[in-house]
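Structure record follows, encoded as structure tokens.
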Amino acid sequence: MQLSELEIVRREKLAQLRAMGINPYPADLFPVDHTSANIKNNFEEGKRVVIAGRLMSRRIQGKASFAELQDAEGRIQVYFNRDEICTGEDKTLYNDVYKKLLDIGDFIGIEGELFKTQVGEKTVMVKDFKLLSKALKPLPQPRVDAEGKVHDAFTDPEQRYRQRYADLVVNPHVKEVFVKRTKLFNAMRTFFNERGYFEVETPILQPIPGGAAAKPFITHHNSLDIPLYMRIANELYLKRLIVGGFDGVYEFSKNFRNEGMDRTHNPEFTAMEIYVAYKDYNWMMDFCEQLLEYCALQVNGTTQATFGEHTVDFKAPYKRVTMAESIEHFTGFDITGKTEDELRAAAKDMGISVDNSMGKGKLIDEIFGEKCEGNYIQPTFITDYPKEMSPLCKEHRDNPELTERFELMVCGKEIANAYSELNDPIDQRERFEAQLKLADRGDDEAMFIDNDFIRALEYGMPPTSGMGIGMDRLIMYLTNNPSIQEVLFFPQMKPERKAVALTDEAKAVFALLKKAEKMELSALKEQAGLSNKKWDKAIKELTKNSLAKVEKTDEELYVSIH
RNA sequence: GACUUGGUAGCUCAGUUGGUAGAGCACCUCCCUUUUAAGGAGGUGGUCCUGGGUUCGAGCCCCAGCCAAGUCACCA
């Protein structure tokens, strides 16, 4: 590996520390008893504290120095004074260890006393300190000036996502997003648990990827010798549990879809699904708006959330509009009672591209997606979707062409999807078969038939309402982030770079060398068992790529890992 | 998948018509005992994303590729 000058300097400091008998990575517990936050909140002049964290900035002025220590809760100023730390004649702890051998990014533990500086800053006067972990790579160092302007911000999205650890260290606002994310999950759990609903886990590796229209990841189980799919949804398993007698079950579900990536789609994402027996989708709408109002309050302390140019209010209740009303409102076209051909012609007139694989449901969905969806900024329930595009949803009690389904739209995007669940096993089989026909017409997202799921329904499932919420999307709204990558710790990225391409001979030599770290050149050559020519080529390749180093002492040649 | 923009020091960024690679911060050396983005003086640091091409000469022009962001398409 090629080291920068800064990295080499830090490795040299590491060696010097060791030479002084200081372990840069000590094993023993450090008895922390305060954090930066509770020092500031409960400040007491002269109080003794033990704190630990990363050294994040230093202002050295000869025999004294101010620095900032960052822990999990924020930063606190610390004051290093030579004569406070080194009470005797030996001043090396300050002059050498602190001033020369510590770096920004190092973890240190501090024992000290609280005081306020002449300008009133709450500060820890260091009485003793200990290196807890040396950082070998320099962190980016954004700084904020008196006007709140950030200098040298660490902003490159590629580096921030690939090195989220560094992003989190230096960008407090990034950490805040993830704190809110966890608050959201906790709020939902609390809301559900208080109502007696039961958190469960269902399979991620599934023999049939069901519950949604999407392309799955496929994998293979070796000893069973069967294909398995990573789940695209957990719906069908949760409903099996309702069949099994639970009144309400929910799961935060990591789902996987083998589709495109963009700023709102990551190959793995988190959905929450909940199913409650003896309820219908009208009840679920009430439940949903109560839930989101509660979550917004828990996360942000207010029901209002800013998203880009919009201010969204999650305070219940939300408007409810049927899909037919919505389409009529925005296009003037009434879809009720229209044939597939009439719908296709209407869509064409609206300038929507259509093809013959599209059935009635898909056509209506296209019209809605194109002309209506984007207009709903404030939370709005869109209800009563066409039957064809909702194969797991109960037929509408008043209209056999429709289903009892709603989606919740916010800022023109869907964040929740809910049904009165289909529990008629014969109807369910017919819907699956209709999906097969769609697949034959070329719809590559049509659902598979899940016979085991139908068998479960045949035992009887109580009337049930279910809802799914896109957790990533919801937290994007609650934290004003237009990109899903900002709300995932580790968004999927293409691999960073190809490994150094080595010949097989060079790889073999390197493997031998790695075990020993350093060995005599002649011994390594003998172990490698290569011809002179091949040996020469292999060792030159390794040294050229800075993987190995050849050193000459008085009587021997040594090879070591670089 | 298409298009647009970008990739230069650890970080943020300049880089003129194609003519010896720059700044600020960081880092290193020296001075400095209550400061607060930035004390003073001096210094080090580069695979200009990769590979080809044009040229006497390429960070810059051309071609191909890699990675990212954005827009669109597709997809929930």
Side-chain angles (χ1 to χ4, degrees), chain A residues 2-10 12-13 56-68 75 77-85 94 99-101 103-105 115-125 135-163 166-167 170-171 212-215 232-233 255 257-267 269 271 353 365-366 369 373 389 407 409 413-417 443-445 468 470 472-473 482-486 491 493-498 501 545-546:
Chain A
Q2 202 68 35
L3 294 178
S4 71
E5 190 207 8
L6 299 186
E7 290 170 306
I8 291 165
V9 167
R10 289 195 179 204
E12 283 164 0
K13 290 179 179 179
M56 291 304 282
S57 73
R58 291 203 287 181
R59 298 176 286 277
I60 295 178
Q61 318 157 51
K63 298 177 189 69
S65 166
F66 287 93
E68 279 179 299
R75 291 186 183 188
Q77 176 166 276
V78 294
Y79 177 64
F80 286 82
N81 182 306
R82 191 190 67 185
D83 299 325
E84 295 285 341
I85 295 164
Y94 180 80
K99 267 170 76 175
K100 299 214 169 114
L101 301 177
D103 283 296
I104 286 171
F115 77 108
K116 275 188 189 167
T117 62
Q118 288 176 1
V119 289
E121 182 85 17
K122 291 168 185 170
T123 306
V124 179
M125 164 96 67
L136 294 183
K137 232 175 149 53
L139 283 167
Q141 281 171 255
R143 286 177 316 286
V144 183
D145 68 18
E147 284 110 52
K149 211 173 132 197
V150 181
H151 299 260
D152 296 339
F154 183 53
T155 52
D156 177 29
E158 177 168 5
Q159 291 199 73
R160 287 182 43 235
Y161 303 152
R162 288 193 195 280
Q163 303 185 40
D167 190 26
V170 305
N171 287 328
K215 291 183 199 115
I232 54 175
N255 295 341
R257 298 190 182 175
N258 203 345
E259 291 164 355
M261 286 161 58
D262 59 32
R263 74 180 203 295
T264 56
H265 295 85
N266 195 65
F269 64 98
S353 64
D365 189 39
E366 285 293 320
E373 196 174 56
M389 53 186 289
E407 289 193 354
M409 313 300 301
K413 300 270 185 208
E414 166 217 338
I415 61 168
N417 182 18
D443 185 344
D444 57 0
E445 296 171 352
D472 306 298
R473 215 166 257 183
S483 162
I484 196 171
Q485 297 167 103
E486 294 290 352
M493 305 285 277
K494 284 201 190 180
E496 208 163 342
R497 71 174 87 102
K498 284 169 247 159
N545 284 309
S546 300

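Proteins come first, then strands; the chains are lettered A, B, ... in the order of their sequence lines, and each starts at number 1.
By the 4.5 Å heavy-atom criterion applied to side chains, A:N266 and A:I484 are counted as neighbours.
Within the nucleic acid shown, A:R160 has no heavy atom closer than 4.0 Å to any nucleic acid atom. In this structure, A:V150 reaches neither bases nor backbone, as no heavy-atom distance under 4.0 Å exists between it and the strands shown. Across all strands shown, A:Y161 has heavy atoms under 4.0 Å from sugar-phosphate atoms exclusively, and none from any base. Residue contacts shown for A:R263 are limited to sugar-phosphate atoms, with no base heavy atom under 4.0 Å away. Residue contacts for A:R257: at a heavy-atom cut-off of 4.0 Å it reaches the sugar-phosphate backbone alone, with no base atom in range. At a threshold of 4.0 angstrom between heavy atoms, the contacts of A:N417 with the nucleic acid are absent. As judged by a 4.0 angstrom heavy-atom cut-off over every strand, A:E407 is placed among the base-contacting residues.
Closest contact between the side chain of A:D145 and the listed nucleotides B:rC30, B:rU12, B:rA37 involves B:rA37. Here B:rU33 is the nucleotide among B:rU33, B:rA68, B:rC32 with the atom lying nearest to any side-chain atom of A:A64. Relative to the side chain of A:D156, the nucleotides B:rU34, B:rC74, B:rU12 differ in distance, and B:rU12 lies closest. Minimum atom distance to the side chain of A:Q159 is reached by B:rU12, of the listed B:rU12, B:rU35, B:rU33.
Distance CD (A:E259) to P (B:rG1): 15 Å, rounded to an integer number of Å. Between the CZ atom of A:F80 and the C1' atom of B:rU35 there is a distance of 14 Å, given to the nearest Å. Between the CD1 atom of A:I60 and the C1' atom of B:rA38 there is a distance of 16 Å, rounded to whole Å. At whole-Å resolution of the value, NZ in A:K116 and C1' in B:rU35 are 17 Å apart. Rounded to whole Å, atom C1' of B:rA73 lies 12 Å from atom CD of A:E366. With rounding to whole Å, A:M56 atom CE is found 17 Å from B:rA37 atom P. One interatomic measurement links the two molecules: NZ of A:K13 to P of B:rG10, which rounds to 16 Å at whole-angstrom precision. B:rU35 atom C1' lies 7 Å from atom CD of A:Q77, rounded to whole Å.
We find the OG1-CG distance between A:T155 and A:D167 to be 10.0 Å, quoted to the nearest 0.5 Å. Here A:L101 contributes atom CG and A:R10 contributes atom CZ; the two are 12.0 Å apart, rounded to the nearest 0.5 Å.
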May I have the step-by-step check of side chain to side chain contact (heavy atoms under 4.5 Å, CB included) for A:K149 and A:V144, ending in yes or no? CA-CA 5 Å; A:K149 211 173 132 197; A:V144 183; over 6 Å; no
Between A:F66 and A:V78, is a side chain to side chain contact (heavy atoms under 4.5 Å, CB included) present by the stated rule, with each step listed? CA-CA 6 Å; A:F66 287 93; A:V78 294; over 6 Å; no
Starting from the C-alpha separation in whole Å, work towards a yes-or-no answer on side chain to side chain contact (heavy atoms under 4.5 Å, CB included) for A:R160 and A:E158. CA-CA 5 Å; A:R160 287 182 43 235; A:E158 177 168 5; over 6 Å; no
Please determine whether side chain to side chain contact (heavy atoms under 4.5 Å, CB included) holds for the pair A:V170 and A:Q141, giving the CA-CA distance in whole Å, both sets of side-chain angles, and the decisive distance to 0.1 Å. CA-CA 7 Å; A:V170 305; A:Q141 281 171 255; over 6 Å; no
Would you list the protein and nucleotides 23-26 of chain B atom pairs, both N or O, that sit under 3.5 Å from each other?
| residue | atom | partner | partner atom | Å |
| --- | --- | --- | --- | --- |
| B:rG24 | N2 | A:D152 | OD1 | 2.6 |
| B:rG24 | N2 | A:D152 | OD2 | 3.1 |
| B:rC25 | O2' | A:R143 | NH1 | 2.5 |
| B:rC25 | O2' | A:R143 | NH2 | 2.8 |
| B:rA26 | O2' | A:Q141 | OE1 | 3.0 |

Can you name the atoms? Protein N/O to nucleotides 2-9 of chain B N/O, anything below 3.5 Å, with the distance.
none

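To the nearest whole angstrom, the two P atoms, one in B:rA14 and one in B:rG6, are 10 Å apart. The separation of B:rC61 from B:rG18, taken at their C1' atoms, amounts to 8 Å, rounded to a whole angstrom. Atom C1' of B:rA21 sits at a distance of 9 Å from the matching atom of B:rU8, rounded to the whole Å. A distance of about 15 Å separates the P atoms of B:rG15 and B:rA9, rounded to the whole Å. Atom C1' of B:rG42 sits at a distance of 27 Å from the matching atom of B:rC48, rounded to the whole Å. Taking atom C1' in both B:rG59 and B:rC74, the straight-line distance is 37 Å, to the nearest Å. Here the separation of B:rG22 from B:rU44, taken at their P atoms, is 12 Å to the nearest Å. Straight-line distance between the C1' atoms of B:rC27 and B:rG46: roughly 15 Å, to the nearest whole Å.
Across all strands shown, B:rC75 has no partner, as no Watson-Crick or G-U wobble contact with both distances under 3.5 Å is found. A 3.5 Å limit on both hydrogen-bonding distances identifies B:rU12 as the Watson-Crick or G-U partner of B:rA23. Base pairing of B:rU36: no nucleotide in any strand meets the Watson-Crick or G-U wobble criterion (both distances under 3.5 Å). Pairing partner, B:rU54: none, since no Watson-Crick or wobble contact has both distances short of 3.5 Å. Remark: B:rC3 base-pairs with B:rG70; criterion is Watson-Crick or G-U wobble with both hydrogen-bond distances under 3.5 Å. Across all strands shown, B:rA41 pairs with B:rU29; the Watson-Crick or G-U wobble distances both stay below 3.5 Å. In this entry B:rC60 has no Watson-Crick or G-U wobble partner, no candidate having both defining distances under 3.5 Å.
By the neighbour-count criterion of 12 heavy atoms within 6.0 Å, atom NZ of A:K413 is sparsely surrounded, having that number or fewer from other residues, nucleotides or ligands.
At the phosphate of B:rA37, neither OP1 nor OP2 sits under 4.0 Å from any side-chain N or O atom of A:R59.
Taking the charged nitrogens against the carboxylate oxygens, A:E259 and A:K215 have no contact shorter than 4.0 Å, which rules out a salt bridge. Taking 4.0 Å as the cut-off between side-chain N and carboxylate O, A:K63 and A:D83 do not count as a salt-bridged pair.
No donor-acceptor pair under 3.5 Å is formed between the side chain of A:Q485 and the backbone N or O of A:R263. Listed for the A:D145 side chain is a donor-acceptor partner under 3.5 Å among the backbone atoms of A:G148.
Comparing A:M493 and A:H265 against RNA chain B, the residue whose closest nucleotide sits nearer the 5' end is A:M493. Looking at which nucleotide of RNA chain B each of A:E414 and A:V119 is closest to, the 5′-most match is held by A:V119.
Residues A:E7 and A:P138 come closest through the heavy atom pair CG-CD, 4.1 Å.
Below the 3.5 angstrom threshold, one finds a donor paired with an acceptor across the side chain of A:E121 and the base of B:rU36. For A:E373 against B:rA76, a side-chain N or O and a base N or O form a donor-acceptor pair under 3.5 Å.
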